[in-house]
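The structure appears right after this line, and notes come after that.
Note that the numbering runs from 1 along the sequence shown for the chain.
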Amino acid sequence: MDATDLDHRARTRSGCIPPELVSRLLEHGHADVVESQAGRGQWFCALAWARMLGEQGREADALEALAPYTATGWWTAVVAASELLESWGRVDEAIAIIRTRMEAGHPMALETYTRLLARHGRAEEAFNLLVPHVDDWALATALVDVAPVAGRDEEAAALLAGRIRADHCCDGPWCCRGLDTDTMLGLLATIRERQGRIDEAVALLRRRQITSVDSRDRLAGLLARHGRIEELRAYAALDGHEEAVQRLAELLEEGGDVEGAIAVYERADGPAARDANSAYELAQLLARHGRGAEAIAVMRAQADTHPGDDWILHALSELCLDQGRPAGGLAHLDALAAQRGGEDAWELFWMRLPLIAACSGVDAAVERARAHPEGTTWYAAEHMANLLADAGRTEEAVTVLQKHDRGNSHDLAGYLVDLGRVEEALAVLLHESPPPPRVSATHQRSDEPPF
């Protein structure tokens, strides 16, 4: 085995049996197939098999199943072996595996190693190992997480505060190795919140230039966690703080003030009027509280404002389906298509199919799909197969997908497993020649070729 090849296949899910299909094989009683493929370079099979063996108390066999993979030095396999050992209480061995990779210079090993130490009574040692590397954002984050266990919050805070440069503005995500001023302010705020110094944490987060990272507004979350509703309301009122609006609405809804939550979105020139994501959150809120017609109206307004925006149309069609109004959903989509001049491209057309199936049946939906100009493509086949499979017509779904087996290999293999045709499923996934058809034991001798 080769670590680079293993990593590529695991990341791209190509040339391998993906984890969801490994689970499907096990659910259908094909543990023998998983065991066999674990010994043939199929990482996700090996991982599932090792976990099963561990649950049965066969720890040595579990480690043996992973051994060919860990021997390559592939980090994912090394971490998996360490996690298994830790879960079995064999902590010293788990630590030793990671330490070996750390000493070999693996760039991710120190973070994993120190977090492992901290979980098992060696937080002081972990903190000391991290201190020289506090300029790296991942290791600085680990330091902040380890600090309370080691009782060294103030030292961690001082290290971060000493690195905040008011006169410097990063010009890219990896300037300062990713430990930019905003990141340090956020980490320092974490420590202050943990210490109960909420005002200081709030003040630190207000100094950040970028308020939201990965759709998470740290300040909004902090204010919500500590019930500072009026401050959160004022913060949400600022232009561009849609995540804060959502957090405020969630907080009000959780507290039973549904009308207040709706009002957060609906105020004049409010977020739902200018931001499609906020409109979607409002629609979901209305639907949760039995106001489906209003929810649909909200998304229809967005569809009118953003004609041809596929995710908005998809949200509208799903909402109509969930609310038991598929005919209304179709009418909305047809009217919008007419405004754009008629037939939609497939990316806008396919969302009609569940609505058609709900109104007129699966056959009508499949017929409409086949009649579409893109109805013979692999991506159209995927949608038709899903309709058929959801209706319990798995054999027909397989027939549709077999014409495009490379483009839909995971879906096709999954349906084949459901039908018990495991060898065919593996051939599709691994791009091997399918097994020859079985010859019946009652086949009569013939004088015609093949003999």
Determine whether more than 12 heavy atoms belonging to other residues, nucleotides or ligands lie under 6.0 Å from atom [atom1] of [X].
X: Tyr280; atom1: OH; result: no
X: Arg368; atom1: CZ; result: no
X: Glu64; atom1: CD; result: no

Shortest non-hydrogen contact between Val400 and Ala385, atoms and distance | CG1-N, 4.4 Å

So, for Val146 and Ala118, which heavy atoms are closest and what is the spacing to 0.1 Å?
-> CG2-CB, 3.9 Å

Is there a donor-acceptor pair closer than 3.5 Å between any side-chain N or O of [X] and the backbone N or O of [Y]?
X: Arg247; Y: Gly221; answer: no
X: Asn408; Y: Trp378; answer: yes
X: Ser82; Y: Val79; answer: no
X: Arg352; Y: Leu333; answer: yes
X: Arg24; Y: Val417; answer: no
X: Ser317; Y: His314; answer: yes
X: Asp182; Y: Gln209; answer: yes
X: His241; Y: Tyr235; answer: yes

Donor + acceptor pair across side chains of [X], [Y] (<3.5 Å):
X: Arg207; Y: Thr181; answer: no
X: Gln246; Y: Glu250; answer: yes
X: Asp180; Y: Thr183; answer: yes

Drop me the distance from [X]'s [atom1] to [Y]'s [atom2], to the nearest 0.5 angstrom.
X: Leu336; Y: Asp344; atom1: CG; atom2: CG; result: 8.5 Å
X: Asp135; Y: Leu160; atom1: CG; atom2: CG; result: 10.0 Å
X: Leu188; Y: Arg163; atom1: CG; atom2: CZ; result: 12.5 Å
X: Phe44; Y: Gln37; atom1: CZ; atom2: CD; result: 14.0 Å

Does the side chain to side chain donor-acceptor pair (under 3.5 Å) test come out yes or no for Glu382 and His404, once each step is laid out?
-> CA-CA 9 Å; Glu382 176 186 351; His404 309 275; over 6 Å; no

Would you check if [X] and [Y] make a side-chain contact, meaning some heavy-atom pair closer than 4.5 Å?
X: Val298; Y: Tyr265; result: no
X: Arg194; Y: Val144; result: yes
X: Glu281; Y: Asn277; result: no

Hey, can you tell me if His372 and Trp346 have their rings parallel, tilted or perpendicular (30° and 60° cut-offs)?
-> perpendicular

Aromatic ring proximity Tyr69/Trp43, centre distance under 6.0 Å = yes

